[in-house]
Amino acid sequence: MAKIIAISGSLRKASFNTGLIKAVANMFPGQVDVGSIRDIPLYDGDLEASAGIPTAVEVLKDQIAESSGLLVATPEYNNSMPGVLKNATDWLTRPPADIKRVFHGKPVALTGVTPGGLGTALAQSAWLPVFRTLRTRPWFEGRLMISSAGNLFDEQGSLTDQKTQHSLRQFIDGFLQFIEDG
């Protein structure tokens with residue numbers, strides 16, 4: 001059975017993207033684990049040289065490496081990817097010798113939620129050169145960009161909209177099929 005590690009690109013507790021990841025984990029218990037970027041510090045080569053790779057980075061690297069696929073829920077900030085998620089990705093590629101173990105050939109699906117009307121289309125596009133550089137295997141057959149998030153989630157950040165839940169389930173079913181088809 002395919003096992004997905006899902007990561008939200010937001011640190012906010014009631015983040016729509018975190019709510020989306022939690023909804024996926026609830027829909028697919030035992031198949032989707034939730035990873036976190038919360039405790040990953042800003043990348044600093046001096047910190048890496050003096051203290052090594054932070055524990056939070058090592059844990060997430062191992063989760064990604066051991067998974068069958070990576071699901072990323074990216075917010076869109078200023079028409080691009082969020083800095084905290086790009087920073088986490090930069091740490092995940094340290095040392096460079098680990099890139100192949102963690103990312104090479106890894107199936108990756110991108111999705112995202114925004115209060116605006118474009119549904120993270122620009123952020124998802126901004127991630128493509130990064131995932132190409134890491135030699136992942138992005139899933140292009142499914143695309144899920146969710147807009148008007150304020151109408152789809154409750155105050156705790158839980159996805160309550162049934163139409164969006166249905167679209168999300170179809171998206172993850174497609175990604176799981178992509179992983180299984182190899």
Side-chain angles (χ1 to χ4, degrees), residues 2-38 60 63-64 67-89 92 102-103 106-134 136-154 156-181:
K3 188 89 162 186
I4 296 172
I5 182 72
I7 301 169
S8 169
S10 177
L11 300 178
R12 192 170 59 89
K13 285 182 185 177
S15 155
F16 298 129
N17 286 282
T18 300
L20 190 69
I21 292 298
K22 288 178 181 175
V24 170
N26 289 334
M27 286 179 191
F28 295 87
Q31 276 194 282
V32 177
D33 290 330
V34 177
S36 176
I37 63 170
R38 174 161 293 286
L60 189 55
Q63 287 177 310
I64 295 169
S67 73
S68 306
L70 172 62
L71 172 66
V72 176
T74 182
E76 183 170 296
Y77 299 147
N78 298 313
N79 293 334
S80 192
M81 65 182 73
V84 295
L85 186 54
K86 176 60 169 78
N87 173 73
T89 304
L92 292 168
V102 176
F103 290 107
K106 181 70 60 183
V108 175
L110 285 166
T111 187
V113 183
T114 184
L118 295 177
T120 71
L122 297 173
Q124 289 187 43
S125 293
W127 277 107
L128 296 179
V130 175
F131 288 128
R132 184 178 308 112
T133 298
L134 299 176
T136 65
R137 196 165 55 95
W139 180 53
F140 292 118
E141 294 173 33
R143 195 146 183 198
L144 184 61
M145 297 170 286
I146 303 169
S147 56
S148 304
N151 300 322
L152 310 175
F153 293 81
D154 64 20
Q156 290 74 41
S158 297
L159 180 61
T160 57
D161 183 73
Q162 290 184 353
K163 182 179 175 187
T164 305
Q165 290 172 351
H166 177 74
S167 296
L168 183 59
R169 180 175 293 282
Q170 287 184 308
F171 179 77
I172 299 302
D173 281 338
F175 183 48
L176 287 167
Q177 189 63 54
F178 173 74
I179 292 169
E180 290 172 9
D181 289 347

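Throughout, residue positions are numbered sequentially from 1 according to the sequence presented.
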To the nearest 0.5 angstrom, please state how far the [atom1] atom of [X] sits from the [atom2] atom of [Y].
| X | Y | atom1 | atom2 | answer |
| --- | --- | --- | --- | --- |
| N151 | D161 | CG | CG | 8.5 Å |
| S15 | K13 | OG | NZ | 13.0 Å |
| I172 | T111 | CD1 | OG1 | 7.5 Å |
| F171 | L110 | CZ | CG | 7.5 Å |
| S36 | I21 | OG | CD1 | 11.0 Å |
| S125 | M81 | OG | CE | 10.0 Å |

Quick one: ring pair (Phe, Tyr, Trp, His ring centres under 6.0 Å) partners of F103, sequence neighbours excluded?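 F103 satisfies ring pair (Phe, Tyr, Trp, His ring centres under 6.0 Å) with no residue once adjacent residues are dropped.
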For a quick test of reading the model, state the closest non-hydrogen atom pair linking [X] to [Y] and the distance between them.
| X | Y | answer |
| --- | --- | --- |
| G119 | Q124 | O-NE2, 3.9 Å |
| L20 | A73 | CD2-CB, 4.3 Å |
| S10 | P75 | CB-CG, 3.9 Å |
| T120 | M145 | OG1-CG, 4.3 Å |
| P115 | F16 | CG-CE1, 3.9 Å |

Mind listing the side-chain donor-acceptor pairs of residues 127-134 below 3.5 Å, one per line with the distance, residues two or more places apart or on another chain?
residue	atom	partner	partner atom	Å
W127	NE1	T74	OG1	3.2
T133	OG1	P129	O	2.8

Does any N or O in the side chain of [X] come within less than 3.5 Å of the main-chain N or O of [Y], such that one atom is a donor and the other an acceptor?
| X | Y | answer |
| --- | --- | --- |
| D33 | I5 | no |
| T18 | S8 | no |
| E141 | G174 | no |
| T160 | L152 | yes |
| S67 | I64 | yes |

Results of side chain to side chain donor-acceptor pair (under 3.5 Å) for [X] - residues two or more places apart only:
| X | result |
| --- | --- |
| D181 | Q177 |
| S147 | none |
| E180 | none |
| Q63 | none |

Note, [X] side chain near [Y] side chain (heavy atom, < 4.5 Å):
| X | Y | value |
| --- | --- | --- |
| V72 | L85 | yes |
| N26 | L159 | no |
| L92 | L60 | yes |

Per the salt bridge (charged side-chain N to carboxylate O under 4.0 Å, His left out) rule, what does the pair list look like for residues 20-32, sequence neighbours excluded? none
Side chain to side chain contact (heavy atoms under 4.5 Å, CB included) partners for [X], two or more places apart:
| X | result |
| --- | --- |
| S68 | A2, K3, I179 |
| F178 | P107, R137, W139, F175 |
| A14 | R12 |
| R169 | M27, F28, D173 |

Test: side-chain hydrogen bond (donor to acceptor under 3.5 Å, both in side chains). Region: residues 76-85. Which pairs qualify, not counting sequence neighbours?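 For residues 76-85: none.
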